[in-house]
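Here the structure comes first, spelled out in structure tokens, and everything after it is commentary.
Counting starts at 1 for both ligands and their atoms, following the listed order.
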Amino acid sequence: MIKVSICMGSSCFARGNKENLDAVLRYVEQNQLEKIVDLEISGSLCQDKCISGPNMTVNGMVYSVADCSSAIELIKEACGE
Ligand code: FES
């Protein structure tokens, strides 16, 4: 299973993770990724890495995502697209 967790702590939220989450969910839906890969997307509380945020975790690895397109790139990579 591919586990994606998007930080919804106040710092990451303010730095764009709300938009990143929306973009990722839209991408997954449009490409019906959940039918192709075992994918779980959730929100998380602050991951104590605010300084590098907005942050997103894929299978336990924390990534700093600058914007919606880098968040989507991360999902594509994780799903082998
Ligand atoms: S708010 Fe995301 S790491 Fe702190």
Side-chain angles (χ1 to χ4, degrees):
M1 171 182 279
I2 300 165
K3 286 190 169 202
V4 175
S5 174
I6 299 182
C7 182
M8 289 288 117
S10 55
S11 174
C12 289
F13 189 91
R15 290 179 178 198
N17 259 4
K18 168 75 174 84
E19 291 75 15
N20 293 340
L21 174 63
D22 290 345
V24 163
L25 291 177
R26 208 174 317 119
Y27 179 81
V28 167
E29 192 187 330
Q30 283 170 353
N31 294 279
Q32 300 189 324
L33 274 188
E34 278 166 329
K35 289 184 184 168
I36 305 167
V37 288
D38 195 5
L39 181 65
E40 178 189 287
I41 298 178
S42 62
S44 75
L45 299 174
C46 175
Q47 302 168 339
D48 292 327
K49 291 186 168 59
C50 309
I51 199 147
S52 60
N55 297 314
M56 199 166 134
T57 303
V58 178
N59 292 337
M61 287 276 293
V62 181
Y63 297 90
S64 178
V65 285
D67 54 24
C68 295
S69 48
S70 54
I72 289 170
E73 277 308 312
L74 205 50
I75 294 292
K76 283 186 186 176
E77 219 170 275
C79 295
E81 293 237 314

Legend entry - Side-chain heavy-atom pair Ser5, Gln47 within 4.5 angstrom cut-off: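 SC-SC contact between Ser5 and Gln47 confirmed.
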Legend entry - Ile75 vs Ile2 side-chain heavy atoms within contact, under 4.5 Å: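 Heavy-atom side-chain distance check fails, nothing below 4.5 Å.
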Inset, instruction - Report, as yes or no, whether the 6.0 Å neighbourhood of atom CG on Leu45 holds more than 12 heavy atoms from other residues, nucleotides or ligands. - result: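 No.
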Inset, instruction - Check the surroundings of atom CE in Met1: do more than 12 heavy atoms from other residues, nucleotides or ligands lie under 6.0 Å from it? - result: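 Above 12, so yes.
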Inset, instruction - Please determine if atom 2 (Fe) of ligand 1 has an N/O/S atom from Cys7 lying under 2.8 Å away. - result: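 Short answer: yes, at least one N, O or S atom is under the cut-off.
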Legend entry - Whether Cys12 has an N, O or S atom under 2.8 Å from atom 4 (Fe) of ligand 1: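 Looking at Cys12, which is the residue asked about, there is no N, O or S atom under 2.8 Å from atom 4 (Fe) of ligand 1.
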Legend entry - Gap separating the CD atom of Gln32 from the OH atom of Tyr27, nearest 0.5 angstrom: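 One gets 12.0 Å once the value is rounded to the nearest 0.5 Å.
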In ligand 1, which numbered atoms sit nearer than 4.0 Å to a non-hydrogen atom of [X]?
X     : value
Asn55 : 3 (S)
Asp48 : 3 (S)
Gly9  : 1 (S)
Ser11 : 1 (S)

Legend entry - Salt bridge flag under 4.0 Å for residues Glu29 and Arg26: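 No salt bridge links Glu29 with Arg26.
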Legend entry - Angle subtended at atom 4 (Fe) of ligand 1 by SG of Cys46 and SG of Cys50, nearest 10°: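 The two atoms subtend 90° at atom 4 (Fe) of ligand 1.
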